[in-house]
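Below: one structure, written as structure tokens.
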Amino acid sequence: MIDLRQLRETPDRFKNGAKAKNIHVDIDRILTLDEQRRALMTKIETLRAEQKKIEKDLGPQIGKLSGAIKKASGDEAAALQKELDAIKAKPAALKDQIAQAEPALAAIEPELNALLLQVPLPPDADVPVGKDSSSNVEIKRWSPSGYDLAKTFEQNKGFKPKTHQEIVRDLNLADFERGVKLAGTRSYVLTGWGMRMHLALLRYATDFMTDKNGFTPVSVPVLVREEAMIGTGFFPAGREQAYHIPESQRGNPDADPAKEGKSGYDLFLTGTGEVGLMGLHQGEILDESVLPLKYVTVSTCFRREAGAAGKDTAGLYRIHQFDKVEQVVICKADEAESRAWHKKMIGFVEDLLQGLEIPYRLLQCCTGDLGPKNADMVDIESFMPGRGEAGPDGRPLGDFGETHSASRLYDFQCRRLNMRYRKAVDGGKTETVVCHSLNNTVLASPRFLIPLLENHQNADGSVTIPKALRPYLGGAERITQ
RNA sequence: GGAGGGGUGGCUGAGCGGUUGAAAGCAGCAGACUUGAAAUCUGCCGUGGGGCUUGUCCUCACCAGGAGUUCGAAUCUCCUCCCCUCCGCCA
């Protein structure tokens with residue numbers, strides 16, 4: 001969520017931001033509603049202030065008179081009652097006026113709030129402007145020594161690479177037929193060394209963040225309340241991407257599972273551990289000294305992949321369920337600090353990929369590719385020799401594929417989550433400030449098995465296990481048939 | 001699934017119809033004492049919104065959320081949500 005006051009003061013910044021992100025939201029409507037709301041509030045507040053004052057003045061008199069009436073009888077009581085009614089008439093009249101103005105105010109708020117949730121965070125000025133991912137800008141490329149990304153895999157290694165689907169089939173690492181039988185399209189089963197490598201990668205990535213980089217490991221729920229989805233910024237825009245568990249429709253008489261948006265208090269499966277990690281401190285006012293909070297989790301992620309029909313349907317690339325090690329940083333509200341963490345969090349992943357000897361590149365995402373909640377985003381793509389356009393021999397030429405995404409969100413998420421900290425200001429005073437947040441993938445598997453298997457395959461069909469991973473695989477050096 | 005008990009400021013916890021935005025304690029901040037620290041003493045210390053005369057200013061809202069009773073609600077009524085305990089079932 002963005003700050004309504006900021007929107008009021010610099011509406012053009014938000015209009016331009018939404019435009020650059022290709023997100024439509026009626027900001028003029030928000031400004032109009034906001035103005036109406038404030039006018040009504042002023043009116044109601046003035047009336048209420050008056051009413052309060054009268055109450056204080058007349059309250060004791062009313063009490064006394066009421067008491068006297070109980071004791072009195074006949075004409076005397078009637079006279080007192082008349083007096084009491086006269087006194088009561090004044091505040092009662094104000095009450096009516098307030099009661100008339102209130103519904104107008106109440107009518108504005110739901111629309112205003114719904115619109116406000118849709119306003120995206122404007123991209124930072126240094127983010128390249130572009131319509132979609134085709135305008136992303138490559139900022140860095142890395143490959144292990146001896147591997148030249150300007151040449152083909154075959155030129156580098158002396159043999160044609162297999163695709164990961166072929167490797168997985170030949171080495172019995174996954175079973176797609178049975179996966180689909182069990183759970184439908186985009187489902188899979190990891191078997192034998194496939195499963196072992198999957199677990200080894202997750203464990204390696206978690207230890208890497210914990211032992212080497214000082215992150216706190218946490219487990220988080222993957223089944224969460226709607227507030228956590230809205231708070232982290234995945235809803236309302238990404239609602240169709242999430243699995244909805246119509247669990248119970250607890251207490252909501254209007255809830256109808258058939259109607260989207262009327263879920264009551266149901267739960268949702270998270271598409272990333274970010275939701276759980278960010279939701280941890282929802283609604284809290286943190287002590288400045290605990291910042292920055294550095295969390296890492298490994299969680300199962302669920303994605304409907306709605307609207308991706310026909311895209312990457314084969315293999316382990318685009319699937320409904322996978323496991324992901326995710327890093328999150330919650331820091332002070334300071335642009336320089338936020339930018340510094342972004343660089344660091346990307347650096348962690350570079351170290352990890354270099355340790356696993358996987359060629360990769362960094363892509364600065366353009367405005368159109370950012371999504372509502374990011375001010376800035378850098379994608380990390382790993383090289384996948386079995387991906388991409390087919391060459392003259394009908395075999396893929398190899399291409400980069402997204403394996404990581406590092407986001408910088410300023411206070412967008414924390415404002416929605418109402419996550420703040422006490423900041424010391426001059427004169428021994430404190431003020432409460434909304435935290436900043438960032439997140440980045442550490443490693444997502446099985447997708448990461450693709451670059452791992454394809455880059456480390458050998459001419460004889462075996463796959464060499466990178467040294468860093470061997471301790472997690474009982475010391476095994478290669479996987480053979 | 002059954003039966004109870006609860007939700008009050010950063011935390012603990014009083015209040016149960018009228019200067020209560022809320023006692024007290026803890027934590028925090030400032031000062032005194034001290035070579036320094038601890039202890040002690042004194043003072044300050046919730047969040048959010050609106051206004052303009054932008055001020056150690058005025059004002060409104062907030063005691064889980066919503067509706068109601070009342071001149072007046074943290075306090076009474078109803079609904080919902082959430083948490084806890086016990087029993088049952090269960091990995």
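Just so we're clear, the structure is a prediction, and the values are computed from it rather than from any experiment. A, B, ... follow the sequence lines: proteins, then strands. Residue 1 opens every chain. Just so you know, these numbers use all the heavy atoms, side chains as well, and skip hydrogens, waters and symmetry mates.
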Closest-nucleotide mapping onto RNA chain B: is Gln51(A) or Glu431(A) further toward the 5' terminus? I mean the 5' end.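 Checking each residue's closest nucleotide, the 5'-ward one belongs to Glu431(A).
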For Asp287(A) and Thr432(A), take the nucleotide of RNA chain B holding the closest heavy atom to each; which residue's nucleotide lies nearer the 5' end?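 The answer here is Asp287(A).
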Pairing check on [N]: which nucleotide meets the Watson-Crick or G-U wobble criteria with it, both distances under 3.5 Å?
N: A3(B); result: U85(B)
N: U40(B); result: A32(B)
N: C62(B); result: G46(B)
N: U56(B); result: none
N: G9(B); result: none
N: C76(B); result: G68(B)

Please identify each residue that fulfils side chain to side chain contact (heavy atoms under 4.5 Å, CB included) with [X], with sequence neighbours left out.
X: Thr32(A); result: Gln36(A)
X: Glu305(A); result: Arg186(A), Arg303(A), Ala308(A), Arg318(A), His320(A)
X: Glu477(A); result: Arg470(A)

Distance, [atom1] atom - from [M] to [N], rounded to whole angstrom:
N: A73(B); M: C86(B); atom1: C1'; answer: 34 Å
N: G7(B); M: C45(B); atom1: P; answer: 27 Å
N: C78(B); M: U69(B); atom1: P; answer: 15 Å
N: U80(B); M: G4(B); atom1: P; answer: 15 Å
N: C63(B); M: C57(B); atom1: P; answer: 25 Å
N: A64(B); M: G13(B); atom1: P; answer: 15 Å
N: G66(B); M: C84(B); atom1: P; answer: 23 Å
N: A91(B); M: C83(B); atom1: C1'; answer: 24 Å

In whole angstrom, give the distance that lies between atom [atom1] of [X] and atom [atom2] of [N].
X: Leu47(A); N: C71(B); atom1: CG; atom2: P; answer: 18 Å
X: Leu267(A); N: C81(B); atom1: CG; atom2: P; answer: 13 Å
X: Lys43(A); N: G49(B); atom1: NZ; atom2: C1'; answer: 19 Å
X: Lys53(A); N: C71(B); atom1: NZ; atom2: C1'; answer: 17 Å
X: Met1(A); N: G49(B); atom1: CE; atom2: P; answer: 11 Å
X: Glu288(A); N: C45(B); atom1: CD; atom2: P; answer: 21 Å
X: Asp96(A); N: U70(B); atom1: CG; atom2: C1'; answer: 14 Å
X: Glu109(A); N: G48(B); atom1: CD; atom2: P; answer: 17 Å

Least distance between heavy atoms, Leu173(A) atom then Leu453(A) atom: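 Closest approach of Leu173(A) to Leu453(A), heavy atoms only: CD1-CD2, 3.7 Å.
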Return no unless some side-chain N or O of Arg420(A) is found under 4.0 Å from OP1 or OP2 of G48(B).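 Answer yes for this pair, as a side-chain N or O of Arg420(A) is under 4.0 Å from OP1 or OP2.
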For Arg422(A) and A27(B), is the shortest distance between a side-chain N/O and OP1 or OP2 below 4.0 Å?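 No, outside the criterion.
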Base-contact (B) and sugar-phosphate-only (S) positions in nucleotides 50-68 of chain B, heavy-atom cut-off under 4.0 Å, - elsewhere: SS-------SBS-------
On the 0 to 90° scale, with breaks at 30° and 60°, tag the Phe302(A)-Tyr243(A) ring pair as parallel, tilted or perpendicular.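 Ring orientation of Phe302(A) relative to Tyr243(A): perpendicular.
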Any side-chain heavy-atom pair from Arg416(A) and Leu117(A) closer than 4.5 angstrom?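 A side-chain contact under 4.5 Å exists here.
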Non-hydrogen side-chain atoms of Arg203(A) and Val298(A) separated by less than 4.5 Å: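 No. Closest side-chain heavy atoms not under 4.5 Å.
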Pairs where residues 217-236 of chain A contributes a residue and the test ring-ring contact (aromatic ring centres under 6.0 Å, His included) is met, not counting sequence neighbours: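 Matches after skipping sequence neighbours: Phe235(A)-Phe268(A).
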Scan residues 205-226 of chain A for pairs that pass ring-ring contact (aromatic ring centres under 6.0 Å, His included), counting only residues two or more places apart or in two chains.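 Listed once each, the pairs are Phe215(A)-Phe348(A).
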